[in-house]
K.L.:
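The structure that follows is given in the form of structure tokens.
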Amino acid sequence: MTEVFVTKDAAPADDPLVVLENVNKHFGALHVLQDIDLTIARGEVVVVIGPSGSGKSTLCRTINRLETVDSGTIRIDGRPLPAEGRELARLRADVGMVFQSFNLFAHKTVLENVVLGQVKVRRADKKAAEQKARALLERVGVGNQADKYPAQLSGGQQQRVAIARALAMDPKVMLFDEPTSALDPEMINEVLEVMQQLARDGMTMVCVTHEMGFARSAANRVLFMADGRIVEQASPEEFFTNPKSDRAKDFLSKILHH
Amino acid sequence: MNVLLDHFSLFRDGFLGTLSLTAVSAVIALVLGALVAACRVSPVPPLRAFGTMWVTLLRNTPLTLLFLVAIFVVPQVFFPGLSYYTLSVWALGCYTSAFVCEALRSGINTVPVGQAEAARSLGMTFGQTLRLIVLPQAGRTVVPPMSSILIALTKNTSLAGAFNVFELFGAQKTLSELGYSIVVIFGWIALAYLIITLTLSGLFRLLENRLAVAR
Ligand SMILES: Nc1ncnc2c1ncn2[C@@H]1O[C@H](COP(=O)(O)OP(=O)(O)O)[C@@H](O)[C@H]1O
Ligand SMILES: [Mg+2]
């Protein structure tokens, strides 16, 4: 169980962007993250899969410190995550996050959602921020929805706005926590296509998702998590055709046969 | 009718006294209440503890007792030479701030945590998250209780009358001593309070409607 299977060609390259060393986290008595060591290279796309409750969301959320860790270090682009405060806020702006439930600001229009962070956090000029926001909304295919409120959009459209909102900060890395799990089936692809395009454009991405197709076509590496540990990591091809650990085999047989 | 006309300046001064007590202590209560609410939802444990203590202490102390402390203890121990008016306004403001804080906090709790998480993940500070994302969405749920709190405050200002601050209740006392019918005086005094409280609830209803359209 403690053995970690790593396939050689999936080993991280030499330009590390996100580095977790010996990270541990508890929720009360529950040890949700156990000795996590993870290096994500610049431009790498990592897909995290694993059974529900295995700690995937928590892992994502520790990377921009929405969750604190009990021990270990996390570095983004060489800088350790600072404690709560202005410094941390600045660093968070470099890490984009896309949530399962979109979390668009309900009292702001779509355009304002994408403008707000640029103006308030990056101190960008309002005009320039709007221009950039419109370009980003166009890029994710919701340019014509700019003046609506989030509640007036479909789930797929909302999630694409959420991606645009994160991209507006020019993040170094993007975290996706099950971005398509709350979507109706016919909307999943429109979001995955945006993510795929991002991956092709060289964005560093950490995606918690069970979308096999996306993992195969976009990921450089698949991490398999169970019980708070990274049990196995490999290239998507290797992982899906030839999983090494029993936990992964068991998990794959469940999600492939439903 | 005669009472009002004969002693209009007395009524007017009483009315203005009550109005100014209400307005000034309302401003203190709103500002302090917002600050204490921010403390109570902040990620810093000592601030949260301070907020909890503030609310528990002030909300559970009878206002009369608070007035006694403000009028007789505070000038002796902390700030000698403050006027009864200033001390009364602070007593009312601090007392009411505890209720304002709790109204704000219950409003804050109705906003889904995802909203604050999204704001934080964009790099907003705690203050920005509260000011730009959470409080504006808490607004609509906060308005009705806030209206009740300020109406209660208006009526509570009458306690200041017991400490030589001239307001409506003081006016009533003076007139009673002049021998006018108590029923008539009470009628006019009640009307004066109604003018203030009805204006308040009208303003808040307007605010509620404005916030309702804003989404
Ligand atoms: N805020 C929290 N408080 C207590 N327990 C939590 C909290 N968040 C998550 N957990 C628990 O931690 C474990 C891992 O959760 P999570 O990271 O969300 O898993 P996953 O995303 O892989 O489904 C689960 O057992 C969950 O119940
Ligand atoms: Mg999860």
Side-chain angles (χ1 to χ4, degrees), chain A residues 57 60-61 63-68 83-109 112-123 148-152 158 161-162 164-171 173-177 182, chain B residues 34-35 37-51 103-144 146 206-215:
Chain A
S57 296
C60 251
R61 294 160 57 86
I63 295 178
N64 67 355
R65 212 171 172 288
L66 280 180
E67 299 283 358
T68 55
E84 198 74 41
R86 258 169 218 289
E87 186 76 4
L88 175 66
R90 202 165 310 138
L91 203 138
R92 274 209 191 104
D94 290 340
V95 181
M97 180 138 191
V98 175
F99 302 84
Q100 180 174 345
S101 47
F102 328 134
N103 293 349
L104 290 178
F105 304 133
H107 62 309
K108 301 272 181 198
T109 65
E112 288 167 342
N113 262 276
V114 186
V115 165
L116 198 64
Q118 300 182 61
V119 172
K120 298 294 177 184
V121 177
R122 296 288 196 212
R123 304 278 165 213
K148 291 191 179 164
Y149 282 89
Q152 297 171 285
Q158 288 190 53
V161 174
R165 176 176 68 177
L167 288 176
M169 308 302 289
D170 295 318
V173 50
M174 288 276 285
L175 311 172
F176 295 83
D177 188 4
Chain B
L35 288 177
C39 285
R40 288 207 76 176
V41 298
S42 86
V44 187
L47 286 182
R48 278 209 302 270
F50 165 76
L104 282 175
R105 203 166 63 94
S106 71
I108 288 169
N109 286 339
T110 63
V111 180
V113 280
Q115 294 285 308
E117 286 189 342
R120 286 162 68 207
S121 79
L122 285 180
M124 287 188 199
T125 61
F126 172 73
Q128 287 178 323
T129 302
L130 208 55
R131 212 159 27 79
L132 301 170
I133 305 302
V134 179
L135 284 180
Q137 294 188 65
R140 279 192 65 197
T141 24
V142 166
V143 170
M146 210 59 95
L206 227 84
L207 189 64
E208 205 179 339
N209 292 340
R210 279 265 318 265
L211 289 172
V213 190
R215 62 161 69 202

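By convention in this document, chain letters (A, B, ...) are assigned in the order of the sequence lines, proteins followed by strands, and residues within each chain are numbered from 1.
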K.L.:
At their closest point, which heavy atom of B:A118 faces which heavy atom of A:F105, and how far apart are they?
P.N.:
CB-CE2, 3.9 Å
K.L.:
Select, from A:V95, A:L104, A:L91, A:L88, the one with the greatest count of heavy-atom pairs under 4.5 Å involving chain B.
P.N.:
A:L104
K.L.:
What pair of heavy atoms forms the shortest contact from B:Q115 to A:A106, and how long is it?
P.N.:
OE1-N, 3.3 Å
K.L.:
Could you tell me the separation between the CE atom of B:M124 and the CG atom of A:L116, rounded to the nearest 0.5 Å?
P.N.:
4.0 Å
K.L.:
Checking heavy atoms, do the side chain of B:A116, its backbone, both or neither come under 4.5 Å from chain A?
P.N.:
neither
K.L.:
Can you confirm whether A:R92 sits close enough to B:L122 that some side-chain heavy atom of one is under 4.5 Å from a side-chain heavy atom of the other?
P.N.:
no
K.L.:
Roughly how far apart are B:S121 OG and A:R165 CZ, rounded to 0.5 Å?
P.N.:
6.5 Å
K.L.:
Taking the side chain from A:N103 and the backbone from B:G114, do they hold a donor-acceptor pair closer than 3.5 Å?
P.N.:
yes
K.L.:
Could you check B:E117 against A:R61 for side-chain contact (heavy atoms from CB on, under 4.5 Å), going step by step and ending with a plain yes or no?
P.N.:
CA-CA 10 Å; B:E117 286 189 342; A:R61 294 160 57 86; 2.6 Å; yes
K.L.:
What distance do A:K120 atom NZ and B:T125 atom OG1 have between them, rounded to the nearest 0.5 Å?
P.N.:
10.5 Å
K.L.:
Tell me, out of A:N64, A:T109, A:L66, A:L175, who's got the most heavy-atom pairs with chain B below 4.5 Å.
P.N.:
A:L66
K.L.:
Can you find a heavy atom in the side chain of B:I133 that is under 4.5 Å from one in the side chain of A:H107?
P.N.:
yes
